[in-house]
Amino acid sequence: MQQSKKVRYIIVLFLLGVSVVALVGWNICVGSVRIPLADIFASIRGEKIENSRILWDIRMPRTLAAMILGGALALAGYLLQTFFHNPIAGPFVLGISSGAKMVVALVMVFLMGQAVKITSWALIAAAFVGAMLCASFVMIVSRKIHSMAMLLVVGMMIGNVCSAATDFFVTFAKESDIANLTSWSMGSFSAVSWGNLRICLAVIAVCLLLCLMLVKPIGAYQFGEHYAASMGVNVRRFRAALIGLSCLLAACVTALVGPISFVGIAVPYMTKKLLGTAKPMAVLPGCFLLGGVFCMACDWIARTAFSPTELAISTVTAFFGAPVVIVMALKRGGGHR
């Protein structure tokens, strides 16, 4: 039985890896301007091609951002679900993404008004501060409210307040900056450059490594805090690590491309269903790969479905992610009858 499960894990992870490679190639090749696969390989070899700028300055960083940031967001959702012992918890639902968005918008509006250049590190730091503020508030409320349903409602209300504050800040931006701020606040991979992508990749790689180091504590914590403590896990530090890592991952995504909805809830659920397990050693890499697949597919739809008009990425992720969450909620509801 254990051998068949391991075979299933390997097959699913292999297929997800193949899907990632296939979608990277598809997203780079297909669009308003088609780039043949032969041209991509020629450009990699150093040969000059007709659409070199589109390939290297637009398509490539955008596609890699969708892959990496989608995986990071799915991972953040999985960590939050582990923390709260609830599969409906996620950075968007709990207001963490909205808090990150609010502080980033405040920093962008203020610094743009002072004609100060904003670095990617500054945006990530601002997003992390906003994410931690909202996460801390949710944790404080969780000590008073023991119903997860009410906690999710509180999280959504925090998100709405933060979104309203963001809109308020944006109204005071210069007219020349409002279009960029509005596009960012709706979520889009279109403005990603190699510079800020490298910075986010470095942060996410460190977070992913730390998550893999927490595999055994996560497995123990899934059986409850008392069990984890009996296995030698420092529950207080472990919970702080979960919140810190999830907020940092969500901050990277929000700082670079804005808030993206439902990925952090739907992808971990789908990963567990595909793998047939909740074991972190399998689910962590599965979440990252499926998050990349999901966001790359949604980004391709966002930029091509109504070309030349581009949809906000959250519009597409909500369209495909919300039904998954509804099914998940119905199954959980049915399980308590």
Carefully, step by step, assess Ile124 and Cys200 under the rule side-chain contact (heavy atoms from CB on, under 4.5 Å). CA-CA 8 Å; Ile124 292 173; Cys200 280; 3.9 Å; yes
Just to verify, what does Leu15 make a side chain to side chain contact (heavy atoms under 4.5 Å, CB included) with, not counting sequence neighbours? Ile11
Determine whether a donor-acceptor pair (N or O, by modelled atom type, separation under 3.5 Å) exists between the side chain of Gln81 and the backbone of Gly264. yes
Cys207 versus Leu248, closest heavy-atom pair with distance: SG-CD2, 3.5 Å
Drop me the distance from Ser120's OG to Arg198's CZ, to the nearest 0.5 angstrom. 10.0 Å
To check you understand the geometry: which heavy-atom pair defines the closest contact between Leu75 and Cys287, and what is its length? CD1-CB, 4.5 Å
If a pair satisfies salt bridge (Lys or Arg N to Asp or Glu O under 4.0 Å) and one of its residues is in residues 286-302, list it, with sequence neighbours excluded. Arg62-Asp299
Within this structure, what is the CE-CE distance for the pair Met150 and Met157, rounded to the nearest 0.5 Å? 9.5 Å
Relative to the ring of Tyr221, is the ring of His85 parallel (under 30°), tilted (30 to 60°) or perpendicular (over 60°)? parallel
Please evaluate residues Ile28 and Trp56 with respect to the criterion side-chain contact (heavy atoms from CB on, under 4.5 Å), reporting the C-alpha separation (whole Å), side-chain torsions for both, the decisive distance (0.1 Å), and the verdict. CA-CA 9 Å; Ile28 292 172; Trp56 292 105; over 6 Å; no
Contacts of Asn51 that satisfy side chain to side chain contact (heavy atoms under 4.5 Å, CB included) - sequence neighbours left out: Val33, Ile35, Ile54
Do Ser43 side-chain atoms and Asp39 backbone N/O form a donor-acceptor pair below 3.5 Å? no
Over all atoms of both residues, closest heavy-atom pair of Phe92 and Pro259: CE1-CB, 4.2 Å
Measuring from Lys272:NZ to Thr277:OG1, what's the distance to the nearest 0.5 Å? 9.5 Å
Roughly how far, to the nearest 0.5 Å, is the CE atom of Met139 from the CZ atom of Arg239? 8.0 Å
Classify the side-chain pair Ser163/Asn160 by whether it contains a donor and acceptor separated by less than 3.5 Å. no
Which pair of heavy atoms, one from Leu55 and one from Ile40, lies closest together, and at what distance? CD1-CG1, 4.1 Å
Evaluate the side-chain contact (heavy atoms from CB on, under 4.5 Å) criterion for residues Phe262 and Val325: first the C-alpha distance (whole Å), next the side-chain angles of each, then the deciding distance (0.1 Å), finally the verdict. CA-CA 8 Å; Phe262 290 101; Val325 177; 3.7 Å; yes
Cys247 vs Phe128, test: side-chain contact (heavy atoms from CB on, under 4.5 Å). Steps then yes/no. CA-CA 6 Å; Cys247 286; Phe128 181 69; 4.0 Å; yes
Where do Val103 and Gly130 come nearest, in terms of heavy atoms and distance? CG2-CA, 3.4 Å
Counting N and O atoms only, with roles assigned by atom type, does the side chain of Thr254 sit under 3.5 Å from a partner on the main chain of Ala250, one being a donor and the other an acceptor? yes
Taking atom CD of Gln222 as the centre, report whether more than 12 heavy atoms of other residues, nucleotides or ligands fall under 6.0 Å from it. yes
Might you point out which heavy atoms bring Cys211 and Leu245 nearest each other, and give the distance in Å? SG-CD1, 4.0 Å
